[in-house]
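Every chain is numbered from 1 and lettered A, B, ... according to where its sequence line falls, protein lines coming before strand lines. For the numbers below, each heavy atom of this structure counts, side chains included, while hydrogens, waters and symmetry mates do not.
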2 protein chains.
Amino acid sequence: MTGGDEHPLALGALDGGERQTLTDRATVAIRAAIVDGRLRAGELYSVARLAERLEVSRTPVREALLLLERQGMVRFERNRGARVLKSSAHDLDEVFALRLLLEVPAARRAAELIGAHELEQLAEVLAAMREHVGDADERAFMAHDRRFHELLLAAAGNRRLVGVVGSLRDFVRFRGASTVGRGRDLSAIYEEHVRILDALRAGDPAAVGAAMRDHLVHTRELLLAADPAGDGEAAGEPPWPARLS
Amino acid sequence: MTGGDEHPLALGALDGGERQTLTDRATVAIRAAIVDGRLRAGELYSVARLAERLEVSRTPVREALLLLERQGMVRFERNRGARVLKSSAHDLDEVFALRLLLEVPAARRAAELIGAHELEQLAEVLAAMREHVGDADERAFMAHDRRFHELLLAAAGNRRLVGVVGSLRDFVRFRGASTVGRGRDLSAIYEEHVRILDALRAGDPAAVGAAMRDHLVHTRELLLAADPAGDGEAAGEPPWPARLS
DNA sequence: CCATAACATGTGACATGCTACTCACGCTCG
DNA sequence: CGAGCGTGAGTAGCATGTCACATGTTATGG
């Protein structure tokens, strides 16, 4: 279905930029800002102000916030603004309870279905992940972590699953780099992924499932320990980034 | 042209009178129209036309469609319209695979947590459901079916679970009443819910889980049999359900 | 008759105008 | 000095205007 529009003389396809709407880009930008704390939980933000920061009109910003509202990250308060919701420890428990229910069986299933190409992709992501263990770049590390899970879920053969888990992931904010980002923790998480990939290569569903379960449980503990129950007010963060790319 | 379009798609007079935005009401109206087929799968619809039918401006309609797009029910095609996506048999398998993973453990958990008040609510819904077995009002029956599952999921103590499963449910269109709506089928589904409630009352998690599993598997089969939209590539893919521990 | 170009039409994406509403702040009055 | 109140700034929600673009149709050249 995702066929080949591979025209031989593909005239200079406007490469880098896929046809993406401003709403899409605003969604990504705002979600990222919420996740890493540049937009603080509990605070009210107005569509107009955000639109100024992003240098777009109010419309795409409002549409982006509506999507994020549906996802549970913000809530519109009529005539007041959009409030960034805090994620409590209880929310984190809920998310990981569901991820356990979904990702562990999915990992088992992936062990049966996965092909050489997918294994290769996972290995590449893992290599990139390893890079960031050393420099303690939590942000980049987490991006690859996410990609790893996405590939694995896709390998389980259920497309919808990828979206559901992705949406669950988005709800979890990780605080400043000083929390999860300890080199030791990143290293441990990396090793857990290695174990998952090894079990996948061995084609051992039970082992893959167990490795995934351990990884999720451990990740939950790290996030829980890193969350001093609210506020946290990371110091010296730049208020908000400049525009979308 | 297009001769049809008999259905005004009127967005119902809002019920109790809760302060609801037009976007919310449009979302509900359009989703309902898609689910029961008044908006046909595979067809293109324009925001402006839908706005006319709903007698609101384009803005809330577009916002509603964006939410439904995120949910996977429609897809915007630039300068063409919003296409209602068809749900293939494969999609149905995906949805029910995830529902099995989530709702069976949730049902078991609910058996441990549920209180007298929730049991009472479930019994009420079940009674209402029974009413519609006789008159074969599939639409009303399904609404109560949905409510039953929502209550049960809520009783499992994970709020997010309710939303996730609800979103999965929405993707499944049930064809005309002539398909699933046979009295025999409705009666069977009703009996399955009775079995679930009985097991809940008995406080037997294993029995509740088994009953929920049977119910979901059966429902999936009914919907699959009722879906004549084979269009070739439909059947043939093995789900990957039913493997959970 | 066919291929191609020019045009007309309809569309999503985005910008902007408008209105009812909320709430903080300062003023008045007791 | 304190409580009540009006008022103005700011907001979401909704309506509408604008524009580039995709597509169907017609005109034109071979």
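The CZ-C1' distance, from Phe76(A) to dT22(C), rounds to 16 Å in whole Å. In this structure, Leu22(A) atom CG and dC19(D) atom P are separated by 17 Å, rounded to whole Å. Atom-to-atom, CZ of Arg49(A) to C1' of dT11(D) comes out at 11 Å; the value is rounded to the nearest Å. Between the P atom of dG17(C) and the CZ atom of Arg62(A) lies a distance of 18 Å, rounded to the nearest Å. The separation between Glu63(A) atom CD and dG12(C) atom P is 12 Å, rounded to whole Å. Look at CD on Glu77(A): it is 9 Å from P on dC23(C), rounded to the nearest Å. At whole-Å resolution of the value, CD in Glu52(A) and P in dG10(D) are 11 Å apart. Going from atom CG of Asp24(B) over to atom P of dA12(D) covers 15 Å, rounded to whole Å.
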Could you give me the CA-CA distance, side-chain angles and deciding distance for Glu52(B) and Arg49(B), then say whether salt bridge (Lys or Arg N to Asp or Glu O under 4.0 Å) is met? CA-CA 5 Å; Glu52(B) 283 178 21; Arg49(B) 299 286 264 273; 5.2 Å; no
Go through the steps for Asn158(A) and Leu153(A) under the test side-chain contact (heavy atoms from CB on, under 4.5 Å), then give the verdict. CA-CA 7 Å; Asn158(A) 192 316; Leu153(A) 291 169; over 6 Å; no
Might you work through the salt bridge (Lys or Arg N to Asp or Glu O under 4.0 Å) test for Arg83(A) and Glu77(A), ending with a clear yes or no? CA-CA 7 Å; Arg83(A) 187 181 299 280; Glu77(A) 300 186 7; 2.6 Å; yes
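Note on Ser46(A): only backbone sugar-phosphate atoms sit closer than 4.0 angstrom, heavy atoms only; bases stay farther off. Here Thr21(A) lies in heavy-atom contact (under 4.0 Å) with sugar-phosphate atoms only.
Close to dG13(D), at under 4.0 Å from its OP1 or OP2, lies no side-chain N or O of Arg78(A). Note on Thr59(A): every side-chain N or O is 4.0 Å or more away from OP1 and OP2 of dC14(C).
Aromatic ring centres of His149(B) and His193(B): separated by under 6.0 Å.
By the 6.0 Å and 45° rule, Arg62(B) stacks over the aromatic ring of Phe76(B).
Judged by atom type and distance alone, Arg58(B) reaches the base of dG17(D) through a side-chain donor-acceptor pair under 3.5 Å.
In the set dT11(C), dT22(C), dA15(C), dT22(C) carries the atom at the smallest distance from any side-chain atom of Asn79(A).
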